[in-house]
Amino acid sequence: MATLIAPEHTSAVEDAEKLQKACKGWGTDEKAIISVLGHRNAVQRKQIRLAYEDLYQEDLIKRLESELSGDFEKAVYRWILDPADRDAVLANVAIKKLSPDHHVIVEISCTRSPEELLVVRRAYQARYKHSLEEDVAAHTKGDTRKLLVALVSAFRYDGEEINTRVANSEAKILHEAVKDKEFNHEEIIRILSTRSKMQLMATFNRYRDDHGTTITKNLEGDSGDEFLKTLRPTIRCLNDPKKYFEKVLRNSIRRVGTDEDALTRVIVTRAEKDLKDVKELYYKRNSVPLDQAVAKDTTGDYKALLLTLLGKED
């Protein structure tokens, strides 16, 4: 369930006029920007961008980038983009970091539907004139490269059908590889990058039933092992994405100094999807409402936007 509160009927032209007025003259009216964009879904935001360009012969995204700054600017920029375009930007930023954020690539390739991932790959090509696969391959190496390229290239079956026999045999294959600490076994990569999410859930459940523990618990090892650091979130994202997102939010808030990148990423990418469920999980796990934790850890317009996307009424 989504947390975004967006009216069904809006006028893109009126919204564009409000945004232009908010950016005009001395000082920017950030509250007006939040009250419009913080209550519009992806389709409505796209219509606003088109109407703005039509009315003012100016790119709304560029205008907002010039008017805003800091974490608030970054959050507005991430939010106003089309979801696939946003994922393309997030992926590119993660790949080009000095030490690449592999978990962001994992997150995009394992929590989006096969169709969504296909659209992200198209958006990435259109924006960067490279394929996502070639950029991932160019900035990774060894087994981590094999896993990540396989994940971003995947087009999984997206239906409900599962094969119990396959789940049983592949749970055994996974267990043998994990037991022998052959975490980079090619069969692990094959299973994780080709099977449907429903099939993988059946396999992980069989693993747990047979061995009394989850596969991620068995993936303990050298904390500096790059491949293991990529493998664990892959399995978490495929098996229980909401639980994975709760953990990302918890870690982003708990650490010394908030990880604004992670906090913004999860809230803007899940507000129209399943953030309500993630919020419930967060409360169960931490006994503190997510809104309260975010409000305590953030300030100003950045805080106001995040709380709006979390479903706070104006």
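Predicted, not measured: the structure shown is a model, and the values here were computed from it.
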Okay, side chain of [X], backbone of [Y]: is any donor-acceptor separation there less than 3.5 Å?
X	Y	value
Lys129	Ala126	yes
Asn286	Tyr282	yes
Arg40	Arg45	no
Arg232	Leu219	yes
Asp225	Phe227	yes

Return all side-chain donor-acceptor pairs below 3.5 angstrom for residues 136-146, not counting sequence neighbours, or 'none' if the list is empty.
from   : atom 1 : to     : atom 2 : distance (Å)
His139 : ND1    : Asp135 : O      : 3.0
Thr140 : OG1    : Val136 : O      : 2.6
Asp143 : OD2    : Asn184 : ND2    : 2.8
Arg145 : NE     : Ala137 : O      : 2.9
Arg145 : NE     : Thr140 : O      : 3.1
Arg145 : NH2    : Ala137 : O      : 3.1
Arg145 : NH2    : Thr140 : O      : 2.9

Note to self: Run Leu305 and Val76 through side-chain contact (heavy atoms from CB on, under 4.5 Å) and show every step you take.
What the structure shows: CA-CA 8 Å; Leu305 176 62; Val76 169; 3.8 Å; yes

[X] versus [Y], closest heavy-atom pair with distance:
X	Y	value
Gln199	Ala167	NE2-N, 3.4 Å
Thr308	Gly38	CG2-O, 3.4 Å
Ala262	Ser252	CB-CB, 3.9 Å
Leu310	Leu275	CD2-CD2, 3.6 Å
Ala150	Ile189	CB-CG2, 4.1 Å

Margin query: Checking Asn205 now: which residues fulfil side-chain hydrogen bond (donor to acceptor under 3.5 Å, both in side chains) with it, not counting sequence neighbours?
Written below: Arg208

Margin query: Which residues pass the side-chain hydrogen bond (donor to acceptor under 3.5 Å, both in side chains) test with Arg156, not counting sequence neighbours?
Written below: none

Hey, is [X] close enough to [Y] for a salt bridge, meaning N to O under 4.0 Å?
X	Y	answer
Asp277	Lys242	yes
Asp82	Arg49	yes
Lys179	Glu176	yes

Working to the nearest 0.5 Å, report the span between [atom1] of [X] and [atom2] of [Y].
X	Y	atom1	atom2	value
His102	Leu151	NE2	CG	12.0 Å
Cys237	His103	SG	NE2	9.5 Å
Glu246	Asn251	CD	CG	8.5 Å
Thr230	Asp101	OG1	CG	10.5 Å
Thr214	Ile235	OG1	CD1	9.0 Å
Arg78	Glu73	CZ	CD	8.5 Å

Please examine the side chains of [Y] and [X], heavy atoms only from C-beta on, and report whether any two atoms are closer than 4.5 Å.
X	Y	answer
Lys284	Glu280	no
Thr264	Lys74	no
Gln44	Asp15	no
Thr203	Arg195	no
Leu37	Leu64	yes
Phe204	Leu174	yes
Val106	Tyr244	no
Glu107	Arg265	yes

Next item on the list: May I ask you to list the residues sharing a hydrophobic cluster with Leu98, side-chain cutoff 4.5 Å, ordered by chain and number?
Entry: none

Item checked: Ile108: hydrophobic cluster co-members (side-chain, 4.5 Å) -> Leu90, Val104, Leu117, Val120

Notebook entry, point to check: Does anything in residues 44-85 pair up under ring pair (Phe, Tyr, Trp, His ring centres under 6.0 Å), and if so which pairs, sequence neighbours excluded?
Noted result: Tyr52-Tyr56

Next item on the list: Scan for ring pair (Phe, Tyr, Trp, His ring centres under 6.0 Å) pairs involving residues 142-176, sequence neighbours excluded, and state none if there are none.
Entry: His175-Tyr207, His175-His211

Next item on the list: Kindly determine whether Lys247 and Arg250 satisfy side-chain contact (heavy atoms from CB on, under 4.5 Å), including the steps that lead there.
Entry: CA-CA 5 Å; Lys247 188 172 184 178; Arg250 180 165 22 106; 3.8 Å; yes

Check: Can you list the residues that meet the ring-ring contact (aromatic ring centres under 6.0 Å, His included) rule with His130, with sequence neighbours excluded?
Finding: none

Margin query: Taking salt bridge (Lys or Arg N to Asp or Glu O under 4.0 Å) as the cut-off, I'd like each qualifying pair that reaches into residues 50-62, sequence neighbours left out, listed once.
Written below: Glu58-Arg63

Listed pairs under 3.5 Å, donor-acceptor, residues 1-11 side chains, sequence neighbours left out:
from  : atom 1 : to     : atom 2 : distance (Å)
Thr3  : OG1    : Leu309 : O      : 2.6
Ser11 : OG     : Glu14  : N      : 3.1

When hydrophobic residues are tied together by side-chain contacts of less than 4.5 Å, even through go-betweens, does [X] share a cluster with [Y]?
X	Y	result
Ile173	Leu228	yes
Leu238	Val166	no
Tyr283	Leu281	no
Tyr128	Val149	yes
Ile48	Ile61	yes

Next item on the list: Can you establish whether the number of heavy atoms outside Glu186 located under 6.0 Å from its atom CD is more than 12?
Entry: no

Next item on the list: Step through the shown structure and confirm whether more than 12 heavy atoms of other residues, nucleotides or ligands are within 6.0 Å of CZ on Arg285.
Entry: no

Check: Which pairs with one or both residues in residues 18-30 pass side-chain hydrogen bond (donor to acceptor under 3.5 Å, both in side chains), sequence neighbours excluded?
Finding: Thr28-Glu67

Report all side-chain donor-acceptor pairs from residues 290-300 shorter than 3.5 Å, counting only partners two or more places apart or in another chain.
from   : atom 1 : to     : atom 2 : distance (Å)
Asp291 : OD1    : Lys279 : NZ     : 3.3
Asp291 : OD2    : Lys279 : NZ     : 3.4
Asp297 : OD2    : Thr258 : OG1    : 2.7
Thr298 : OG1    : Val294 : O      : 2.6

Notebook entry, point to check: Among Arg206, Arg190, Arg165, which one satisfies salt bridge (Lys or Arg N to Asp or Glu O under 4.0 Å) with Glu170?
Noted result: Arg190

